[in-house]
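Okay, so here's the structure we're looking at.
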Amino acid sequence: MRTLRNPPVIANYFSGEGQADVMPPARLASYQFEALKAVVKQAYDHSPFYREKMTRAGVSPDDLQQLSDVTRLPFLTKDELRGKPWLLLTCDKKDVVLVQVSTGTTGGEEIYMTYTWNDFLLHDLSPRYTKLFPVGPGDVCLNALPYEMSTAGLAFHKTFMDGYQSTVIPAGKGGAYSTPAKTIKMIRDLRPSVVVTSPSWSITLAEEAAKASFDLKSLGLKKMWLTGEGCSPAFRQRVEKIWGTTANYFYGSLECGQLGIECDAHDGYHLAQAHVLMEIVDPKTGRVLPPGEVGEIVVTALLRYDSPVLRFRTGDLGSLRTDTCACGSTLTRFYMKGRAFDQLHFRGQPFSPFFVEEHLMRMPEVGNWFQFVMPKSDSASIKIRCEPAQGVKPSQELATTLANRMKLSTGLSFDIELVDRLPRPTAKAVRVVRE
C-alpha cells in the first residue's frame, strides 16, 4: 500500500494544484526552511553516513535556525556516491522500489539513486509548477528521452501521466525499439501536442522526418522542452524553426531530480524551489557566492526523505538571479554555464563550450552537427569539426572564411575542419572531444 511514512511539510503549504511557481517569496522561504529541517533530521536520525558527516562538521539538526544555515552542512560529492547504491538510505532496503543509474558521461564508477514510494509521492507528484509547465488532461506528450537505467524518461513519464494527467507516448531515445523511423511514425499517427527530448535527438528526429517528407511544423505543437544536454540559444533557435514551436530548457539531474524550468522569456531557468535549495559556491574554496557570480551549483533536495541529498556538488557551473521575471513567476532564476568538466581552455583561460557553439550556430553555412576537438597543448588552436549546412559545398576556402568569422566574433583562434558526416549519437551528444 502506498502510504507516506513521513508527515509531508508540503501539506501545510500546498493544496489543490500546488501553484509553487507563483507562491509569495516569503511563504516559499518559510516552506523551504521547514522542509530543510525535516529532511536534515531524517538524515541525521536514520543515516549512519550522514550522522558521521554532520558529527565531523560539528553540526546537528538543532543548529538550523534559519534557511541560510544550510551552509553549515557538509558537502556531498559524486565520488562519495560512486559504486555505493545504498549509501544514502534512511529506510530499510526492502522499501526501495526503483534503482536508477548515472549515464557515466563524466567518467568514474556509476552513481545509483534509490527511490521508495514515499519519495515518489512526495517528490514527483506535488507540488506543481503549472504556470511554467502548462500541461494537462487532453495533451498528448511525446517522451523521446531514454527510459533504460537513467532517470530522464521515467521521470517525465510519471510527471506527465501521474502529476499532470496527460497522455504519454513512451517513445524513448535510440533504444532497441525507439528508432528515429519508429518515432516519426508514432508522431504522424498520434499527433502529439507536447514534445520532450534532448537537443541533439530533436535534430536526429528532424532528419528522419525530412526523409519521410513529413513537415514537423504541421503538428502545431503547443510546447517543446529540451533536456538531457545543454545547448546554446542559437542551436535552440534552429530547433524551434524546424519544429515550429517554442522550445524551453528543462534542467534536472539523477541525484537531485528537477532543478530548473525555463519560461517563454528565455532569460534563465526558474529554480524548482518547492523541490530544492540551490547555492552557488566557489569550486575551489566552497565559499558561497552572491547572486550574479558564477560558481559550482550545489543542491539540497527538500522532498527526498528516504535517500536524502544534502548540499550535493553537481559539477555544473551557474549563477543566481533574484530580480523579477517578465513572465510573472516568483521563483528565483539561475543561469547555466555548462559543466566544469567540459570547460574549454585556451592559453590558460577557461570558457564555456556554449559560448563557442553560440557563435558557430549563428553562421548559416554550418550544419547542426559539430565537435570541439581540444588539443594536447594548451597553446595550440582548438579545432572545430563540423558538417556544412544542407546544400553548402565544403571547401578549404569556406573553412578559412568560417575560421576568420569565429575569430572576429569570439576573439579566439580556431581551425575549421569540414566533414561530410559526423556520427549521430543515441546517448548524450559529445560536443567536446579531447585528443
Side-chain angles (χ1 to χ4, degrees), residues 76-89 91 93-120 123-125 141-163 168-180 182-183 186 195-202 204-205 225-231 249-259 275-276 299 301 303-304 306-309 312-316 339 341-342 423-431:
L76 175 66
T77 67
K78 290 179 183 283
D79 286 341
E80 288 178 291
L81 300 179
R82 294 190 189 281
K84 300 173 184 176
W86 317 112
L87 183 68
L88 302 182
L89 282 187
C91 63
K93 283 172 63 174
K94 67 179 177 60
D95 295 322
V96 173
V97 296
L98 179 68
V99 180
Q100 293 185 303
V101 64
S102 60
T103 57
T105 53
T106 55
E109 281 196 71
E110 289 79 6
I111 293 175
Y112 297 91
M113 292 303 294
T114 58
Y115 297 84
T116 63
W117 282 121
N118 201 46
D119 290 330
F120 282 144
H123 187 272
D124 291 323
L125 304 185
C141 306
L142 180 84
N143 186 355
L145 292 169
Y147 276 71
E148 66 278 12
M149 294 195 184
S150 79
T151 185
L154 188 57
F156 270 95
H157 188 105
K158 292 194 277 71
T159 297
F160 285 139
M161 188 170 69
D162 296 331
V168 185
I169 306 171
K173 176 192 169 188
Y177 298 101
S178 54
T179 63
K182 184 75 170 180
T183 300
M186 288 195 296
V195 170
V196 59
T197 190
S198 68
S200 62
W201 195 246
S202 74
T204 298
L205 292 179
W225 279 281
L226 300 175
T227 189
E229 303 163 354
C231 75
Y249 299 146
F250 191 103
Y251 171 49
S253 73
L254 168 74
E255 300 86 0
C256 308
Q258 59 181 305
L259 297 174
H275 287 74
V276 295
V299 175
L303 295 175
R304 289 184 62 95
D306 291 336
S307 51
V309 176
F312 177 70
R313 301 189 68 151
T314 65
D316 293 335
R339 286 181 172 178
F341 176 81
D342 286 335
R424 301 305 191 247
T426 55
K428 287 187 178 182
V430 177
R431 302 299 195 191

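All residue numbers refer to positions in the sequence shown, counting from 1. Since the structure is predicted, the reported quantities are computational estimates derived from the model, not experimental observations.
- A donor-acceptor distance shorter than 3.5 angstrom exists from the side chain of Y249 to the backbone of C231, with no hydrogens or angles considered.
- No side-chain heavy atom of T151 sits under 4.5 Å from any side-chain heavy atom of M113.
- The environment of CE in M149 is sparse: at most 12 heavy-atom neighbours from other residues, nucleotides or ligands sit within 6.0 Å.
- Remark: L81 CG to E109 CD distance equals 11.5 Å, nearest 0.5 Å.
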- Message: As a quick check of understanding, evaluate side chain to side chain contact (heavy atoms under 4.5 Å, CB included) for L154 and L98, giving each step before the final call.
- Response: CA-CA 11 Å; L154 188 57; L98 179 68; 3.6 Å; yes

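- Side-chain atoms of K173 come within 3.5 Å of backbone atoms of A427 as a donor-acceptor pair (strictly under, hydrogens ignored).
- For E80, the side chain to side chain contact (heavy atoms under 4.5 Å, CB included) partners at least two apart in sequence or on another chain are F49, K53, L76, T77.
- Judged by distance alone, the side chain of T116 and the main-chain N or O of D95 form no donor-acceptor pair under 3.5 Å.
- Rounding to the nearest 0.5 Å places CD1 of I111 at 5.0 Å from CZ of F312.
- T314 and Y251 make their closest contact through OG1-OH, 4.2 Å (heavy atoms, listed as atom of the first residue, atom of the second, distance).
- Here S253 contributes atom OG and D316 contributes atom CG; the two are 8.0 Å apart, rounded to the nearest 0.5 Å.
- Between V430 and P425, every side-chain heavy-atom pair lies at or beyond the 4.5 Å cut-off.
- Here the closest non-hydrogen pair linking S178 and G175 is OG-N, 2.6 Å.
- Side chains of L205 and P180 form a contact here, defined as non-hydrogen atoms less than 4.5 Å apart.
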- Task: Under the side chain to side chain contact (heavy atoms under 4.5 Å, CB included) rule, what do T197 and L142 come out as? Steps first, then yes or no, please.
- Result: CA-CA 8 Å; T197 190; L142 180 84; over 6 Å; no

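- Using a 30° and 60° split on the angle between ring planes, Y147 and H157 fall in the perpendicular class, above 60°.
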- side chain to side chain contact (heavy atoms under 4.5 Å, CB included) between V196 and T227, worked out: CA-CA 7 Å; V196 59; T227 189; 4.1 Å; yes

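- Checking side-chain atoms of S198 against main-chain N and O of G228 turns up no donor-acceptor pair under 3.5 Å.
- The closest side-chain heavy-atom distance from Y112 to K84 is not below 4.5 Å.
- Residue D306 holds its CG atom at 12.5 Å from OH of Y115, rounded to the nearest 0.5 Å.
- Between D119 and T114 the shortest side-chain heavy-atom distance does not fall below 4.5 Å.
- K93 pairs by the side chain to side chain contact (heavy atoms under 4.5 Å, CB included) definition with W86, L89, not counting sequence neighbours.
- For the atom pair NE2 (H275) and SG (C256), the distance works out to 12.5 Å, reported to the nearest 0.5 Å.
- At least one donor-acceptor pair closer than 3.5 Å links the side chain of E229 to the backbone N or O of A429.
- We find the CZ-OG1 distance between F250 and T159 to be 6.5 Å, quoted to the nearest 0.5 Å.
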